[in-house]
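Bear in mind the structure is a predicted one, so any value in this text is a computation, not a measurement. Sequence lines set the chain letters: A, B, ... in the order given, protein chains first and strands last, and positions in each chain run from 1.
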There are 2 protein chains.
Amino acid sequence: MNLKQLSELLGLSQTTVSRALNGYPEVNEATRERVLQAVRETGYRPNKAAQRLATGKAGSLGLVMPTAPGHQSDVHFGEFLAGLGEEAVRHDFHFVIMPADPDDEVAALRRLAISGNVDALFVAYMRGHDPRLPMLKSLSTPFVVHGRSHGTEPDYPYLDIDNEAAFYDAAKLMLQLGHKRFALMNGPEHLDFAIRRKQGLESALAERGLHLNEDCISHTLMTDEQGLVAMEQFLQLPDRPTAILCSSTVLALGAIRAVNQAGLKLGEDISLIAHDDVLPLLKPENFSVPLTTTRSSLRAAGARIAQRLIGTVKQTGSFPEQELWKTELIVRGSTGPAPKP
Amino acid sequence: MNLKQLSELLGLSQTTVSRALNGYPEVNEATRERVLQAVRETGYRPNKAAQRLATGKAGSLGLVMPTAPGHQSDVHFGEFLAGLGEEAVRHDFHFVIMPADPDDEVAALRRLAISGNVDALFVAYMRGHDPRLPMLKSLSTPFVVHGRSHGTEPDYPYLDIDNEAAFYDAAKLMLQLGHKRFALMNGPEHLDFAIRRKQGLESALAERGLHLNEDCISHTLMTDEQGLVAMEQFLQLPDRPTAILCSSTVLALGAIRAVNQAGLKLGEDISLIAHDDVLPLLKPENFSVPLTTTRSSLRAAGARIAQRLIGTVKQTGSFPEQELWKTELIVRGSTGPAPKP
DNA sequence: GGAGGACTTCAAAGCGCTTTGACAAACAAC
DNA sequence: GTTGTTTGTCAAAGCGCTTTGAAGTCCTCC
C-alpha cells in the first residue's frame with residue numbers, strides 16, 4: 001500500500017492525502033478524517049526512504065559504534081544509548097548506527113553524514129586534537145559532541161562534564177584527609193576526559209607542592225581486569241600510594257579486587273575515589289565498601305544530547321551550544337584518613 | 001555532489017557512472033578507473049535514501065530497543081549489539097534502532113518493518129506466545145529471532161541456546177554433589193528463556209523425585225539489586241536452599257553480596273551456578289569465588305544472527321532456519337558438596 | 001560488403017513521497 | 001454582474017538513485 005494506491009482508493013489526489021496526513025491546514029476537516037480513517041483501515045505507512053528523499057529529513061540521529069572482533073564492548077556505550085533512546089522515543093526519532101573499526105572512525109562518520117541517512121550526528125569518545133572536528137565543521141549536518149577535544153578551539157556544540165573540576169575536588173578531599181601519595185587510574189591517554197582528569201588531579205597536588213609520579217599513573221582501557229593489573233602494580237611500588245583516583249567504577253571493580261587480594265582494607269589502608277557514570281550494574285553503594293565517587297549520569301547526558309539534536313533538526317526551541325555539567329562529589333566509605341606511616 | 005553532477009563532470013551518463021560504481025561488467029575498465037578516480041577526488045557518496053528507494057535495499061538491519069524513562073538499560077542488549085556490529089561492519093551494513101516503550105514493542109516493530117527503512121529485522125526478548133511472531137510472519141521482511149517463543153509452532157527462523165539442557169545439566173551437577181534443596185533465581189516470568197530454564201531444572205529434580213518449592217523461585221529483572229533481594233529471601237527460609245541456579249551473572253553479583261553479608265561461604269554453605277552470557281564486565285573467573293557457569297556468548301550469537309540476516313538480504317549462501325546452541329558447563333569454585341545437615 | 005556479435009554507452013522511466021503553482025468553486029464585496 | 005478572496009483540490013515536477021531497452025561503434029567472418 002503506497003500513497004498512490006491510497007489516494008486512488010479515496011478518489012483523492014496524492015497531494016491532498018499527503019497534506020491531510022502531514023497536518024497541513026488547507027485540507028477540509030471532513031476530508032482529513034476520511035483519510036485518517038482509511039489509513040487506520042489499510043495500515044498504510046509512508047515509506048521513510050521516499051520521505052527522506054523528498055524532504056531531506058529522516059527523523060534519525062546517526063552515531064558510530066566502535067567495534068572490532070577483538071574489541072571489548074563498552075558498557076558506557078550502552079548506557080549512553082539508553083539515554084539517547086529515552087528522549088528519541090518521545091519524538092519518534094530513530095538511530096542509525098554505523099559500526100566501525102576504531103581506527104576508521106573519521107571515515108565512518110563521514111560516510112554516515114554524507115549518506116543522507118541521518119539528520120544529525122552524535123559524536124563521542126573524543127580525543128585531544130580530535131580529527132573528526134574539522135571534518136564535521138566542514139559538513140552541513142548538525143552535530144553535538146559528547147565531551148570536548150583538548151587542543152581544539154571550543155567553538156563546536158558540545159556537552160561535557162567538568163572532568164578537571166571533578167578530579168580536582170576529589171584530590172582536594174584526599175588531601176584534606178591527609179593523603180600525600182596519590183595514584184591515578186585513568187582511561188586511554190589520548191582521550192579528552194583522561195587528559196582533563198589528570199590535569200585536575202595535578203593542579204590540586206601542585207597547590208600543595210606535591211607531584212604525581214609517572215609510576216603512579218596508569219592509562220588503560222576501562223575494564224575491570226585492567227583495573228586489577230594497574231592496582232597490583234601500584235601496590236608493589238616501594239612507597240605505595242594511599243590515595244587512588246579512578247576514572248571509572250569499572251576500573252574500580254578490578255582495583256578493589258587487587259586491594260582485597262593483597263589483604264588491605266579499602267577506606268583504611270587505601271582510599272579510593274572513582275568517577276561514577278551511574279551505570280545500573282555498578283552502583284557505588286553496592287560495593288562491599290561503598291565507594292566515594294564523582295558522579296554524573298551518562299544516561300542523562302545522552303538524553304540531553306538527543307534533546308538538543310532533535311530540537312535543532314525540528315527547529316523547535318534553541319539550546320546553548322556548549323554545556324559543562326558539574327559532577328557531584330559523594331563521600332562514602334572508600335575514603336578515610338591517610339594511614340599513619 | 002550527486003550522481004548527476006558527477007556524471008556531467010566526467011562527460012558520462014548517469015547510467016555509466018552508476019554501473020561503474022556498482023561493479024557491473026559492461027563498463028570499460030578505463031572508464032571505470034576514471035570514475036573511481038573522480039569519486040576519490042570529489043568525495044562523492046551515493047545518497048542512501050535514494051539508493052534505498054530505487055533498489056528496495058538499504059543495507060540495514062532493524063531492531064527495537066526497549067526503553068523508557070524508568071527502564072533500566074540492559075547490559076545484555078549492549079553486548080548483543082556489539083556482536084551484531086562486529087559482523088555488520090564487514091558487510092557495510094548499519095543498524096536502524098527504534099527505541100520503544102516495552103509495552104509498545106509489537107507496534108514499534110511493525111512500524112519499523114513497514115517504514116521501508118530496513119532490509120531485515122532482528123527480534124529479541126522473546127516471550128511465551130509472543131505476539132510479534134504472527135505479525136512478523138504476515139510481513140515480508142526477513143527476520144531472525146534470538147530465542148524462541150514457548151507455545152508457538154517453531155516454524156520461524158531463530159537462534160537460541162538450549163536453555164532447558166543448560167539448567168538440566170547444572171541441576172544434575174548439583175544433585176551429584178548431594179544437594180537436595182534448590183532455588184532458582186530467574187528472569188521475568190513471561191520470557192521464554194525463563195520458562196525453559198525452569199523446566200530444565202524441574203525435570204532434573206523430578207528424575208530424583210524432588211520438587212521445586214514456590215518459595216524457592218524468584219522471577220525478577222536481571223539486576224544485581226534484585227539478585228540481592230531474592231537471595232536474602234531464600235536465606236531466610238526455614239529450610240534454606242543450598243543449591244542456587246541463577247539466570248545471569250548479573251543476578252549472581254547481588255546474590256553473592258547477600259551470601260557474604262549473611263556470613264556464609266560460597267561453594268561451601270551455598271553452591272551457585274549462574275548462566276554466563278560472557279559479559280566483558282562480569283567474568284565468572286573474576287568473582288571472589290570463581291563462579292561455576294553455563295556459558296554461551298551473547299556476542300557470538302549476535303554476530304551469527306547478523307551473518308544470517310545479511311546473508312539472507314544479500315542472497316549469498318543459505319543458512320539453517322533454526323539453530324540451537326549447546327551451552328558449556330564450566331565448573332569453578334562456587335559449587336561444592338552439599339553441606340552436612 | 002553486409003550480417004552477426006561483442007563491447008560500451010545512453011536516454012528515459014520509475015522508486016514513493018513532498019511541494020509548487022494552477023485552478024475550480026463558493027462566497028463576499030462593490 | 002463583475003471583481004476579489006478564501007477554501008479545497010489537483011497535476012506535475014523533483015528528490016538522487018538504479019535499471020530497462022535501445023543504440024552506436026568496432027570487429028570478425030563468410
Any side-chain N or O of [X] less than 4.0 Å from the OP1 or OP2 oxygen of [N]?
X	N	answer
B/Tyr44	D/dC17	yes
A/Ser18	C/dC17	no
A/Gln14	C/dG16	no
B/Ser13	C/dC10	yes
A/Asn47	C/dC15	no
A/Thr31	D/dT9	yes
B/Tyr24	D/dT18	no
A/Asn22	C/dT18	yes

Figure out the [atom1]/[atom2] separation between [X] and [N], and round it to whole Å.
X	N	atom1	atom2	value
A/Leu12	D/dA11	CG	C1'	14 Å
A/Lys57	C/dG16	NZ	C1'	19 Å
A/Met1	C/dC17	CE	P	10 Å
B/Leu53	C/dA13	CG	C1'	13 Å
A/Asn28	C/dA24	CG	C1'	15 Å
B/Arg52	C/dC15	CZ	C1'	11 Å
A/Asn2	C/dG16	CG	P	5 Å
B/Lys4	C/dA11	NZ	P	12 Å

(request) Identify, between B/Thr55 and B/Pro25, the residue whose nearest nucleotide on DNA chain C lies closer to the 5' end. (result) B/Pro25
(message) Can you work out whether B/Glu26 or B/Ala54 has the more 5'-proximal nearest nucleotide on DNA chain C?
(response) B/Glu26
(message) Under a 4.0 Å threshold between the charged nitrogen and the carboxylate oxygen, would B/Arg34 count as salt-bridged to B/Glu41?
(response) no
(message) Less than 4.0 angstrom from a charged side-chain N to a carboxylate O is my criterion; do B/Asp119 and B/Lys314 meet it?
(response)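 No, this pair does not count.
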(message) Quick check on side chain to side chain contact (heavy atoms under 4.5 Å, CB included): which of B/Val144, B/Leu159, B/Leu84 does B/Phe122 satisfy it with?
(response) B/Leu84
(message) Below 30° counts as parallel, above 60° as perpendicular, anything between as tilted: where do the rings of A/Tyr158 and A/Tyr156 land?
(response)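 Ring orientation, 0 to 90° scale: tilted.
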(request) To the nearest 0.5 angstrom, please state how far the CZ atom of B/Phe80 sits from the CG atom of B/Leu63. (result)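 Rounded to the nearest 0.5 Å, the CZ-CG separation comes to 8.5 Å.
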(message) I'd like to know if A/Thr15 reaches the base of C/dT19 with its side chain such that a donor and an acceptor end up less than 3.5 angstrom apart.
(response) yes
